[in-house]
Amino acid sequence: MKTLDLFIVELESQTNDTIKTEDGLELYIDTKFNEFEHRVTEGPVVTAPSKYDTKVVPGDTLYFHHLVVLNEGQVLTGSDNHYLVRYDPHHTINNQAIAYKSKETGKIHPLAGWTLLESVEEPPEVESESLELVELETVLPTKGRVAFSAPWIESEGIKVNDVVGFKKNRDYRITICGTEYYRTRLEDLLYVEEEVHND
């Protein structure tokens, strides 16, 4: 099958509804109470968009936005396990394809304006040095470390391992190869932290 601006991925399920214990016992999870947390966000590529040179080939693993599978998902008509993933290289907000892993090299590549950031530990704000804080308010992250490079990242002078700040409430998480990343659009990045040299 040939598509113009869509990926097609093959998924066994819309949610990750089982976990394995250290002993190998497989347990079923009832996901109806928190479908969002257990949604599937990766799958093998069946078809890549023919309109664009994405470098993605069938068999690569595509990591995508959770809307592909939520609310019954974007199922390919006439198929129970093939899902449509929108791709738009010009407007990241319309691009549901976040990254892919090459089956040949195993390397991760962000797609069309997405940036993948590792978590950066931010020290809690202390209002008083004379009092011991018992409970801290949860502070949402606003910065991360660039995990993978891409042409649109490099064009802004940003490199892998740079710590960048991003807009509040843009800490959308995605798990890739067992590691959790923030998936952030390039336009949501605000600054690059400069290294402090103590001479």
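All residue numbers refer to positions in the sequence shown, counting from 1. Both backbone and side-chain heavy atoms feed into the values below; hydrogens, waters and symmetry mates do not.
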Answer yes or no: is there a side-chain heavy-atom contact under 4.5 Å between S50 and L4?
yes
Side chains of P89 and K51 in contact at under 4.5 Å (non-hydrogen atoms)
no
Ignoring hydrogens and geometry, is there a side-chain-to-backbone donor-acceptor pair from T184 to Y172 under 3.5 Å?
no
I need the minimum non-hydrogen distance between V45 and V57, along with the two atoms involved.
CB-O, 3.9 Å
What's the spacing between D88 CG and Q96 CD if we round to 0.5 Å?
10.5 Å
Sequence neighbours left out, what pairs pass ring pair (Phe, Tyr, Trp, His ring centres under 6.0 Å) with at least one residue falling in residues 41-64?
Y52-Y87
Would you indicate whether the side-chain heavy atoms of R185 and I93 approach each other to under 4.5 Å?
yes
How many angstroms lie between atom OH of Y182 and atom CG of L116, to the nearest 0.5 angstrom?
12.5 Å
Spatial distance of atom CE (M1) from atom OG1 (T47) [nearest 0.5 Å]
6.5 Å
Do you know which two heavy atoms are closest between Y181 and E118, and how far apart they sit?
CE2-CG, 3.7 Å
For residues 147-165, tabulate all N or O donor-acceptor pairs below 3.5 Å that involve a side-chain atom, not counting sequence neighbours.
from: S149; atom 1: OG; to: E154; atom 2: OE2; distance (Å): 2.7
from: W152; atom 1: NE1; to: W114; atom 2: O; distance (Å): 3.1
from: S155; atom 1: OG; to: W152; atom 2: O; distance (Å): 2.9
from: D162; atom 1: OD2; to: K159; atom 2: N; distance (Å): 2.8

May I ask you to decide if Y100's main-chain N or O and T61's side chain share a donor-acceptor pair within less than 3.5 Å?
no
Salt bridge (Lys or Arg N to Asp or Glu O under 4.0 Å) involving K55 - partner list, sequence neighbours excluded:
D53
Short side-chain to backbone donor-acceptor contact, K103 and P58, under 3.5 Å:
yes
Is it possible for you to say whether V46 and L11 belong to one hydrophobic cluster, with membership spreading through side-chain heavy-atom contacts below 4.5 Å?
no
